[in-house]
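Counting convention: from 1, in listed order, for ligands and their atoms alike. Keep in mind that the numbers below use all heavy atoms, side chains included, and drop hydrogens, waters and symmetry copies. Along the sequence shown, residues are numbered consecutively beginning with 1.
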Amino acid sequence: MKVLVIGTGAREHALCRSLSQDPAVGELHCAPGNAGIARLATLHPVDQLDGAAVTALAVRLGADLVVIGPEAPLVAGVAEPLRAAGIPVFGPGKEAAQLEGSKAFAKDVMAGAAVPTARSYVCTTVAEAAEALDAFGAPYVVKDDGLAAGKGVVVTEDRAAALAHAEACVGAPPGSRGRGRVVIEEYLDGPEVSLFAITDGTTVLPLVPAQDFKRALDDDRGPNTGGMGAYTPLPWAPEGLVAEVLETVLQPTVDELRRRGTPFSGLLYAGLALTSRGTRVIEFNARFGDPETQVVLARLRTPLAGVLLAAANGTLDELEPLRWSEEAAVTVVLASEGYPADPRTGDPIEGLDAAEADGTAFVLHAGTRVGADGEVLTAGGRVLSVTATGADLAEARAKAYAGVAKISFKGAQHRTDIALKAAR
Ligand code: AMP
Ligand code: GLY
């Protein structure tokens with residue numbers, strides 16, 4: 001089987017790593033990829049948002065499956081021309097991807113499917129936003145309606161800061177990512193869980209839950225980021241969580257989207273808060289989470305390509321139950337100086353081979369590129385995800401941080417508390 005993966009991140013590197021270990025995969029391609037993926041797959045310098053170019057590449061390669069990793073090409077509708085060309089695609093079409101692309105759309109689907117989520121108002125003026133903030137009170141939650149790579153959400157006790165973010169979102173010109181709308185919602189307390197499910201639009205297969213660390217700094221301080229680390233399993237999670245979320249969130253959402261004539265196939269990501277009043281959806285994403293994928297796939301024992309192809313072909317109901325390792329997995333993100341606001345790039349990275357030398361950890365690349373002399377350079381905000389498995393979280397964590405300690409680049413930053421509380 002020939003597989004083409006679209007994207008550039010550590011999530012795509014993790015997908016490529018699992019696909020390269022699947023004996024059914026004979027050829028692996030990635031567009032555009034990064035310096036780490038280049039070791040596993042043939043890279044193609046194609047603009048991932050250009051549906052015609054991606055389709056032309058897939059046709060030329062004779063791809064049996066295209067896996068679209070990030071949200072931007074999904075929301076841009078890259079899946080459509082691929083499907084029109086008869087190529088199986090893992091990832092939803094443009095309309096269903098609005099589940100992630102528009103928070104207002106997601107809220108509407110959840111209301112239609114009676115999925116538990118935070119109460120919210122969609123506001124188009126600053127005056128409306130101010131009223132909504134006062135209706136809920138502090139802490140305030142203010143969300144850019146459109147895609148913002150995890151950085152469009154402000155959670156704050158400071159009303160002026162909340163209103164300023166609302167104003168920035170509402171002030172966005174029509175057609176830009178926020179489209180002049182802002183979502184103000186009720187604050188959800190309690191721990192967060194990321195639960196992914198693979199679906200073909202009808203059958204829903206949940207994966208194992210993971211936890212992401214969204215804030216930039218230790219002890220959940222600093223700004224929201226795309227995610228600074230993750231682990232699985234969650235020893236503290238209530239028994240039956242996955243079954244409950246399948247029944248109350250995942251299946252009803254997939255059914256509702258099918259009912260609306262926009263069936264969702266691909267990866268449905270539920271970001272959940274386990275509040276004192278029950279499980280609530282914080283957000284949906286239309287693709288694998290980054291960095292949670294790095295740890296979830298590290299535990300998946302079923303060969304990945306067949307699962308993704310069954311989702312693309314609508315035959316998930318024929319699949320054997322997924323098999324999982326009992327091991328724990330931890331990933332720690334190394335980010336550039338200035339991430340998330342203003343990441344510095346172009347610095348040489350040292351110690352990549354050393355970090356993997358004894359097989360304890362493996363390094364997944366995000367923002368990296370190969371320089372003129374073959375050296376690996378930083379090329380983005382999140383640079384690497386250092387991942388390890390172990391008999392328990394403490395062991396996986398120790399191995400991942402041992403890998404992190406061997407890597408250096410100018411201004412590198414990482415959290416030191418990934419999986420720390422859970423490991424205790
Ligand atoms: P989102 O992009 O919607 O996932 O939001 C990013 C992060 O902001 C989430 O992972 C939460 O940590 C936080 N957040 C979002 N919505 C809420 C909410 N209603 N209550 C509390 N925290 C939230
Ligand atoms: N780790 C959060 C996300 O992928 O959206």
For ligand 2, is any non-hydrogen atom under 4.0 Å from Y269's backbone (N, CA, C, O), its side chain (CB onward), both, or neither? side chain
So for ligand 1, is Y187 a polar contact partner (N or O within less than 3.5 Å, distance only)? no
Heavy-atom contacts with K103 under 4.0 Å: which atoms of ligand 1 show up? List them by number with element. 1 (P), 2 (O), 3 (O)
Residue that, paired with E185, satisfies salt bridge (charged side-chain N to carboxylate O under 4.0 Å, His left out) out of R280, K143, K103: K143
Does one side chain, of T387 or Q294, offer a donor that lies under 3.5 Å from an acceptor on the other? no
Distance alone, cut at 3.5 Å: any donor-acceptor contact between the side chains of E131 and Y121? no
Provide the number and element of each atom of ligand 2 under 4.0 Å from a heavy atom of G289. 4 (O)
Which of the numbered atoms in ligand 2 are under 4.0 angstrom from any heavy atom belonging to D212? 1 (N), 2 (C)
Would you say CD of Q413 has more than 12 non-hydrogen atoms from neighbouring residues, nucleotides or ligands within 6.0 angstrom? yes
I need the minimum non-hydrogen distance between Q48 and P70, along with the two atoms involved. OE1-CG, 3.3 Å
Applying a strict 4.0 Å limit to heavy atoms, is A230 in contact with ligand 2? no
Heavy atoms only: which of [options] is nearest to [atom]?
atom: atom 4 (O) of ligand 2; options: R11, R287, M228, E292; value: R287
atom: atom 17 (C) of ligand 1; options: V142, T117, V141; value: V141
atom: atom 10 (O) of ligand 1; options: E192, R280, E100; value: E192

Test item: E256 and P252 side chains (from C-beta on) under 4.5 Å apart, heavy atoms: no
For ligand 1, which part of [X] has a heavy atom less than 4.0 Å away: the side chain, the backbone, both, or neither?
X: E186; answer: backbone
X: D189; answer: neither
X: L188; answer: both

Report the C-alpha separation of V122 and K107 in whole Å, then their side-chain angles, then the decisive distance to 0.1 Å, and conclude whether the side chain to side chain contact (heavy atoms under 4.5 Å, CB included) test is met. CA-CA 9 Å; V122 180; K107 286 289 184 189; 5.6 Å; no
Work out whether the distance between some heavy atom of R215 and some atom of ligand 1 is less than 4.0 Å. no
Interatomic distance, I6 atom CD1 to L82 atom CG [nearest 0.5 angstrom]: 7.0 Å
